[in-house]
Amino acid sequence: MKRYICTAFSAFIAISATAQQTKAINDPQIAFKEAKEYFQKEYYSLAYPIFKELDVKLTHPDRTDKALEYLEVKYYAIVCGLKQDEPMSSDMAKSYIAANNNTTRGEMMAYHLAEYFFRQKNYADAVTYYNMASIDALSNREIADMKFHKAYSLFNLQKFDEAKPLFDAIRQMPKDPNYLDANYYYSFILFNEGKYKESLDGFKKVEDAPNYKKVVPYYIATIYYNTGQKDQALSYAEAKLKKGDQYYDAEFKQLIGHAYFEKGEFAKALPYLEAFVSKSKQVSRRDLYELSYCYYNAGTYSKAIDGFKQLGGKEDSLAQNAMYLLGDAYLKTNQKANARNAFLFCSNNSSNEKQKEISQFNYGKLSYELGYQDVAQSELASFIQQYPNSSYINEARELMVALMANTNNFKDALTLLESIKTPSETVQRLYPRVLYGRAMEFVNDGMLIAANDLLDKALRAKFNESVLPLVNFWKGEISFRLDKTDDAIRYYNDYLKTPVTSGDVKPVSANYDLGYCYFKKENYKQALSYFDQVVKTPRINSTPVEQDAFIREADCYYMAKDYKKAIGMYDQAINYSWPSSDYATFQKAMVAGVNSSMDKIKLLQSIERIYKNSSLAPDANMEIASTYMADEKFSDAIPFLKKVATSNTDNEALKPKALLKLGIAYYNIDNNQEALNQYNAILKQYPNSPEADEALDNAKSVYVEEGKTSDYVAFAKSMGRNISVNQEDSLAYAEAEIQFSNGNFNGALNKFDSYLSRFPDGHYAIEAYYYRSEIYNNKKDYANAVKGYEAVSDRVPNKFGEKSLVQAARINFFDVKNYEKAEQYFSKLKDFATTQENKLEAMRGLLRSQYQLKKWSEAVTNAKDLVAQKSSSSDDKVLSNMVLAKSAQGNNDFDLAISYYKNAIALNKGEYAAEARYEIASMLVKQNKLKESEKAAFEVINKSGSYELWVTKSYILLGDIYYSEKDYFNAKATYQSVIDNSSNPELKEQAQQKLTAATDEEKQNSKLKG
């Protein structure tokens, strides 16, 4: 049946088409009427070919039926094309309108063209032609459609003001087919304008309409919410959401969550806000804040923390609230370090003054509790100043007191304490402890004079009972190191009256140094009594201090001529193979020499054989030679003297002595020429040494004895010596010396300057340089003092050479800070020192100079030598380990470097320990051991608070660790802390750059908007 109907309809179409063509050819008027009838019945597909055919015929005048109106046919043909969405029709319509502007047909064509563009969703062109159309020839339906379509087009073009009145007109006609649509769009525009009450009526009309029932309920709920009808909004939204199938499902949950949040029903708000945030690609800061607060209220602190952390970086109240609650959430989960950072951000925000106040207090308090002493001090001090009436003021003051009592930041603590004009008893009780702590930092940094001054203050301060024994010990120690023996004895004895043990402070050390003090004073009986308290029963594994004290006891017996007791003790040391066995053997030889030169020589010879690397080998050879010469066995002495003179070991001070003795030995075996050769060697190699003058006198005796006085004069001149001292030179120096002897030091300075300007290489130049420098040194004019000491040092050996080397090296290092020159003179002192004290100081100074110059590789050998010294101090070992660590670190041997740094930390509490801790943390980062590095960085902050450079660098390192772990919150807080508190511009700038980078990267990885 269906096939029949379809076939019949197709036949009808074909017959009709044939008939139309015939009619169009035979009777155009009939064809036009028929096409127009199709057009009016909206059979555009049937009308279109007829109009098109007529249009073609009418374009040729010779075939045109004059009764037909050409433009009317054209009009219908184009409209039919537009109705069927023929693409070419739009251009034809535009041409038609242009040719028939302001005519009824032209305005009608504009209407149809606008409708065409509307169907094509070309809303801009649609509006253009709607504006050109006339409604006079339109039906009511067409007029209504045009108004709606034009309004809709304007709506899509976001020209809401123009669309609004059109929608308004249509929405007031209930029977209009676009009635519901007009109500929706009109209400939407009002909603968009914030006219919620006016828009509600329209939305209500379309609430259940099929096209809008999934969308409009959200707007209605939002209107209730925004107009303060929160309960109605909540019940309405929950009812609609429960039914389901809502386009704005997530937004509904967001609205319900907000409503419950504002009612304070956070448990009910939580699931809605959680669902909304979890499904959204981007969320607002408010959404995240409310969700995080709900977690916080529910005690789900880990989730609350995750949310609040993302809300920093702004200066508004929401950010401040978030940081305040974040800090509290961290406290509730015992994450004090993170809480501290949160309160830092909150305290930097002024939106809520009360939260700012509480956060600043908490930031200071947590800084104190976590060991950020420098920050705690500045923050609590600032808090006390800004909020004198705060309810936290008493606790803040108590924390400041506790902070000063327990801090390692003695430098800033001392400055703060001494700035208080009328200190309370609490502050006065703190004062001696802080003085002592700061003095110890100076001791550890080698600044003994500064330390001594602070210890003097501590002695005079009230309430010093708790530190008095410690102060007396270190007063004794510093006096001992500065060679003030009587002062050292007094203070050590004061300490031993009430001894305590604390680190390096212990009775055994005091007794040990007291033994040395009395030994220096040649009071061997007293020295013996103190050394005996250090070691009563020697063992093979006795400590280095015990070993040395035992040897010094033997020396006391030796000096008291109790040789039997001394030898027994020396033998005991040798049998135990202690490092000082070579010295014990040397001393045993000296005892043997009392009765037998040969026994003495035999023992001395064993030193070089048994102890191949012994530093005493040159001394032993020198003593052997002296013994032979005392027995007038000059030939036997010569080989040993040659060993000393040609040795490559550090015995420069012995070489001029050996050469002089060689000359004497050769003279006594009648080898005058060789004797002159030795004297010549002294005068050439060591022209300023005390031995040089004696060598010149001895040479004179040889020449006189041989009757060659003229040869002597030539010899003396070749050595740069005038055999008769220039009288003018002598008188000029004598003038200066008299002023110096009379204590007229200013006058002496003028005279010495005058002498040296006239006789820079005069006979008394060394004396003049030296005494002039002594005057300047006493005036603390170190820049001028060092010049003379250097001039004398450059002429070593001479009678003031060793003293000048000591002073030149010291002043260049401590006062002038010329570490290159300090290295030069300490190195020279190491070669020319004749006493163990000066040799040790040379090694120490050389190491410190090379440390300042960062010559790690060059310093390694000296560092190892210094540690091996029997009398090396803990300070020596600290610096040696630092040098060895730096060298290993430079070679990327991090594990070895860390072990050396740990050795240094175990021995030091000062700046070296701070640096060592930082370097350990830095190397752990390079090894990607971030957790270990974080712990190590906190070690610097907590235990080395006085050393801002290393503390600040450690803060930056912590920030880097957090940054690498994508913990942007803590990274930013740490960098911000450096920016706020550091006084180092370079490190502040570095922290700022890192803060900017962390902030930018966090934004890129965040789903927050706004």
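The analysis underlying the following values was restricted to heavy atoms, covering all of them including side chains, and did not include hydrogens, waters or symmetry mates. These figures come from a predicted structure and were not determined experimentally.
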Please identify each residue that fulfils salt bridge (charged side-chain N to carboxylate O under 4.0 Å, His left out) with Lys855, with sequence neighbours left out. Glu823

Rounded to the nearest 0.5 Å, what separates atom CE in Met622 from atom CG in Leu604? 13.0 Å

Would you please classify the geometry between the Tyr512 ring and the Tyr516 ring as parallel, tilted or perpendicular, with 30° and 60° separating the classes? perpendicular

Using modelled atom types and a 3.5 Å cut-off, is there a donor and acceptor pairing between side-chain atoms of Glu802 and backbone atoms of Thr834? yes

Rounded to the nearest 0.5 Å, what's the gap from CG on Leu879 to CG on Leu866? Could you check? 8.0 Å

Lys497: partners by salt bridge (charged side-chain N to carboxylate O under 4.0 Å, His left out), with sequence neighbours left out: Asp494

With sequence neighbours excluded, tell me which residues meet side chain to side chain donor-acceptor pair (under 3.5 Å) with Tyr530. Asn493

Output all residues satisfying side chain to side chain donor-acceptor pair (under 3.5 Å) with Lys475, sequence neighbours left out; order by chain, then residue number. Asn452, Asp456

Distance alone, cut at 3.5 Å: any donor-acceptor contact between the side chains of Thr485 and Lys520? no

Does atom CG (Asn613) have a neighbourhood of more than 12 heavy atoms from anything else shown, all under 6.0 Å? no

Please evaluate residues Lys506 and Thr501 with respect to the criterion side chain to side chain donor-acceptor pair (under 3.5 Å), reporting the C-alpha separation (whole Å), side-chain torsions for both, the decisive distance (0.1 Å), and the verdict. CA-CA 5 Å; Lys506 43 196 171 187; Thr501 299; over 6 Å; no

Distance, nearest 0.5 Å, that separates CD1 of Ile574 from CD of Gln587: 10.5 Å

What do you reckon, is CD of Glu820 surrounded by more than 12 foreign heavy atoms closer than 6.0 Å? no

In Å, rounded to the nearest 0.5 Å, how long is the span from CD1 of Ile607 to NZ of Lys612? 13.5 Å

Check whether any side-chain N or O of Asn812 sits under 3.5 Å from a backbone N or O of Ala808 as a donor-acceptor pair, and report yes or no. yes

Is the cationic atom of Arg552 (NZ for Lys, CZ for Arg) positioned less than 6.0 Å from the six-membered ring centroid of Phe550 and within 45 degrees of its normal? no

For residues Tyr524 and Phe519, establish whether the separation of their ring centroids is below 6.0 Å. yes

Might you work through the side chain to side chain donor-acceptor pair (under 3.5 Å) test for Glu608 and Ser614, ending with a clear yes or no? CA-CA 7 Å; Glu608 193 170 28; Ser614 173; over 6 Å; no

Can Asp487 and Arg490 be counted as an ion pair, charged N to O under 4.0 angstrom? yes

Do Tyr570 and Asp555 have side chains that get closer than 4.5 Å, going by heavy atoms? yes

Hits for side chain to side chain donor-acceptor pair (under 3.5 Å) against Lys943, two or more places apart or cross-chain, chain-then-number order -> Glu939

Please determine if Glu691 and Lys657 form a salt bridge, counting it only when a charged side-chain N lies under 4.0 Å from a carboxylate O. yes

Lys565/Glu553 under salt bridge (Lys or Arg N to Asp or Glu O under 4.0 Å): CA gap, chis, key distance, verdict: CA-CA 10 Å; Lys565 186 72 173 176; Glu553 281 190 72; over 6 Å; no

Considering residues at least two apart in sequence or located in another chain, which fulfil the side chain to side chain donor-acceptor pair (under 3.5 Å) criterion with Asn595? none

Checking the side chain of Lys830 only, and the main-chain atoms of Ala842 only, is there a donor and an acceptor separated by less than 3.5 Å? no

Backbone N/O of Asp831 and side chain of Glu652: donor-acceptor pair under 3.5 Å: no

Does Arg481 pair with Glu477 as a salt bridge, N-O distance under 4.0 Å? yes

Side chains of Tyr492 and Phe480, heavy atoms from C-beta outward: is any pair under 4.5 Å? yes

Would Lys633 pass as a cation-pi partner of Tyr628, given that its NZ or CZ must be under 6.0 Å from the six-membered ring centre and within 45 degrees of the axis? no

With distance as the sole criterion, is a donor-acceptor pair present between the side chains of Tyr900 and Asp893 under 3.5 Å? no

Applying salt bridge (charged side-chain N to carboxylate O under 4.0 Å, His left out) to Lys561 and not counting sequence neighbours gives none

Glu932/Lys935 ion pair, N-O < 4.0 Å: no

Backbone N/O of Pro656 and side chain of Ser689: donor-acceptor pair under 3.5 Å: no

Indicate yes or no for a side-chain donor-acceptor contact from Asp453 to the backbone of Ala450 under 3.5 Å, with no hydrogens or angles considered. no

Is it true that Lys886 and Glu919 make a salt bridge, defined as a side-chain N closer than 4.0 Å to a carboxylate O? yes

Set of residues satisfying ring-ring contact (aromatic ring centres under 6.0 Å, His included) with respect to Tyr819, sequence neighbours excluded: Phe813

Without hydrogens or angle criteria, can the side chains of Tyr825 and Gln807 be said to hold a donor-acceptor pair below 3.5 Å? no

Donor-acceptor pair, Ser793 side chain versus Ser804 backbone, under 3.5 Å? yes

Residues Ala589 and Lys600: closest non-hydrogen pair is O-CG, 3.1 Å

I'd like to know if the side chain of Asn881 and the backbone of Lys877 have a donor-acceptor N/O pair within less than 3.5 Å. yes

By ring-ring contact (aromatic ring centres under 6.0 Å, His included), which residues pair with Tyr912, not counting sequence neighbours? Tyr851

Donor-acceptor contact below 3.5 Å, side chain Asn464 vs main chain Val467: no

Tell me if the aromatic rings of Tyr491 and Tyr495 count as close, with their centers under 6.0 Å from one another. no

Arg844 and side-chain hydrogen bond (donor to acceptor under 3.5 Å, both in side chains): which partner among Asp875, Asp876, Asn862? Asp876

Is any side-chain heavy atom of Val786 closer than 4.5 Å to one of Ser773? no

Arg917 vs Ser944, side chain to side chain donor-acceptor pair (under 3.5 Å): CA-CA, chis, key distance, verdict: CA-CA 9 Å; Arg917 290 187 177 104; Ser944 300; 2.9 Å; yes

So, using salt bridge (charged side-chain N to carboxylate O under 4.0 Å, His left out) as the criterion, who are the partners of Arg810 when residues are at least two apart? Glu841

Just checking, is any N or O donor in the side chain of Asp631 or Ser597 under 3.5 Å from an acceptor N or O on the other one? yes

Check whether any side-chain N or O of Lys536 sits under 3.5 Å from a backbone N or O of Gln533 as a donor-acceptor pair, and report yes or no. no

Under a plain distance cut-off of 3.5 Å, with no hydrogens placed, do Tyr583 and Asp619 share a side-chain donor-acceptor pair? no

Have Lys642 and Asn621 got a donor and an acceptor in their side chains that come within less than 3.5 Å? no

For Lys854, check side-chain contact (heavy atoms from CB on, under 4.5 Å) against everything at least two apart and list the hits. Trp856

Just to verify, what does Ala897 make a side-chain contact (heavy atoms from CB on, under 4.5 Å) with, not counting sequence neighbours? Ala888, Gln889, Tyr901, Met923

Flag yes if more than 12 heavy atoms outside Glu465 fall under 6.0 Å of its CD atom; otherwise flag no. yes

